[in-house]
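Data first, discussion second: the structure below is written as structure tokens.
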Amino acid sequence: MKIAVIGTGYVGLVTAAGLAEFGHAVVGADKAADKIERIARGELPIYEPGLEELLKSNLKRGNLTFSEDLDKTIRASDVIFVCVGTPQGEDGSADMSQIEEVSRQIAENLNGYKVVVEKSTVPVKTSSWIKRTITLYKKSDIHFDIASNPEFLREGSAVPDFLRPDRIIIGVETERARDILVKIYENAKDRLLITNIDTAELIKHASNSFLAMKISYINLMANLCEKTEADIEQVAKGMGLDPRIGNLFLKAGLGFGGSCFPKDLKALIKIGEDLGVDMSLLKETDRINAERSKLFLEKIKKALWILKDKKIAILGLAFKPDTDDIREAPSIKLIANLLNEGAVLRLYDPKAQNNMKELYPEDKTRIQYCRTPYKAANGANALLLCTEWKEFIDLDLKKVKNLMDNPIIVDGRNIFNPAEVRKIGFEYYSIGRN
Ligand code: UGA
């Protein structure tokens, strides 16, 4: 079976390398020739633990190749995974133009039976559109099938998520397509859930929105904790001991960011509203999340009062640890708010600095990127924590305190134990704890 993976973003790269690791012959294709050239040399455009090794070993084995020739790749394949981007459009809905473009290209190159598998996160009913587009543009009466196989990769742990998944959702409408996909995922056959296509598409959106809702819920509880003597970490622990609730995704903080939750939540709200369903539960989830940065700024003001010309160190720019991705990262809004108040910023992140520099270039007076967290802390009036990188959990806090002008920490991820940090001599503010 020859597999094509179209699109070499996060999902496409992990899918191509992962399917090759399962032993399939895979071609990763992307129209961006320069990107393909670099990937084919084993150079990754993103930072993802374990991906470079997986890519290199499969390139070496010869079962993974890359091509910028989409037409040829489509013609040579039996199964095509569509992994192109579905960015957020202006009205909150997903922009499906890349999916449409690839569908037309598949139609034009349909030279035999193929299964077209959509893997990008898409609104329910997208497969029907792909099917209709291919049917409209194909030049012969050659048969094809469509399928939905949503991905559940988390950035930072995408490789193990792909190789050892909790579940593989396969949405199909024919037995032929079903048998092919079951064969592709033969080594995880105990974790397959086979559904119709609309169901598979909805499972993906429903899962992400549910997790986002869990985060907004715990953040709402954190707001309550701050007005009482309750401690959010203990509340989350107590809730999580109930197996019906579970202890994951109950970490209060700056809210959710990334390329998935914010976008998928808005897209599901739009889909529901377009279909006439009241989506207010999810709208509140989104609103609570949007408020997190405002509440965090209030905390910083509570500590420093006037922010103008205050030297503020920010540790953590990525939307979560173990990635260089800053898409929808809470740090972006925070930086904008602090600059707006006239603060002087010292920024540090182990992996995401270069990406942030594109958004906020270094500027001698207001924004400086530092080589270590200690350099960022040097002379600072306050230290803010925005991402729970392990490196920050392991910081030598005594050293940090001695370097700072004012030993104040505002911790947006509840990384430290309040009593311990205060014992060292810090004034410490965190989320939902006193
Ligand atoms: C998320 C899902 O977890 C994946 O299952 C899904 O495949 C992926 O989106 C996608 O749709 O492609 P990801 O965005 O990589 O994965 O990251 P998460 O680990 O889910 O974190 C998302 C955000 O929620 C981060 O900003 C994180 O800091 C925040 N978060 C997470 C919290 O604030 N509290 C928590 O308890 C957990």
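Just so you know, ligand 1 is whichever comes first in the structure, and atom 1 is the first atom listed for that ligand. The first residue of the sequence shown is numbered 1, and numbering continues consecutively from there.
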Please determine, by modelled atom types, if Asp325 and Tyr10 share a side-chain donor-acceptor pair under 3.5 angstrom.
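Looking only at side-chain atoms, Tyr10 and Asp325 do not form any donor-acceptor pair under 3.5 Å.
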Side-chain donor-acceptor pair under 3.5 Å between Lys119 and Asn149, yes or no?
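The criterion, which ignores hydrogens and geometry beyond distance, is satisfied for Asn149 and Lys119.
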Numbered atoms of ligand 1 (with element) below 4.0 Å of Lys204, judged on heavy atoms:
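Listed by number with element, the hits are 6 (C), 7 (O), 10 (C), 11 (O), 12 (O).
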Sub-4.0 Å atoms of ligand 1 with respect to non-hydrogen atoms of Leu250
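Near Leu250, the atoms of ligand 1 are 36 (O).
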Are any of the heavy atoms in [X] under 4.0 Å away from ligand 1?
X      : answer
Gly253 : no
Glu328 : no
Cys260 : yes

[X], any N or O under 3.5 Å of ligand 1 N or O:
X      : value
Thr121 : no
Gly257 : yes
Phe152 : yes

Could you go through Arg41 and Glu37, starting from their C-alpha distance and side-chain angles, then the distance that decides it, and tell me whether this counts as salt bridge (Lys or Arg N to Asp or Glu O under 4.0 Å)?
CA-CA 7 Å; Arg41 283 200 304 264; Glu37 204 181 298; 3.6 Å; yes
Option set Phe256, Tyr10, Phe249, criterion heavy-atom distance to atom 24 (O) of ligand 1, minimum
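Answer by nearest heavy atom: Phe256.
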Compare Glu388, Lys251, Arg154 and give the one whose heavy atom is closest to atom 36 (O) of ligand 1.
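Heavy atom nearest to atom 36 (O) of ligand 1 belongs to Lys251.
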Quick one: does ligand 1 sit under 4.0 Å from the side chain of Asp161, the backbone, both or neither, non-hydrogen atoms only?
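None of Asp161 does.
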Ligand 1-proximal atoms of Asp264, by part, heavy-atom distance under 4.0 Å:
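Answer for Asp264: side chain.
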Pairs meeting criterion salt bridge (charged side-chain N to carboxylate O under 4.0 Å, His left out) with involvement of residues 199-217, two or more places apart:
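Residue pairs with at least one partner in residues 199-217: Glu151-Lys204.
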Point-to-point distance, once rounded to the nearest 0.5 Å, from NZ of Lys56 to CG of Leu64
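Taking NZ in Lys56 and CG in Leu64, the distance rounds to 13.5 Å.
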Taking only Lys NZ, Arg NE, NH1 and NH2, and the carboxylate oxygens of Asp or Glu, determine whether Glu100 and Arg104 approach each other closer than 4.0 Å.
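So Glu100 pairs with Arg104 through a salt bridge.
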Quick one: do Glu48 and Lys351 make a salt bridge, cutoff under 4.0 Å?
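Looking at Lys351 together with Glu48, the answer is no, because their closest N to O distance does not fall below 4.0 Å.
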Distance under 6.0 Å and angle within 45° of ring axis: Lys302 vs Tyr429
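Not flagged: Lys302 not positioned over aromatic ring of Tyr429.
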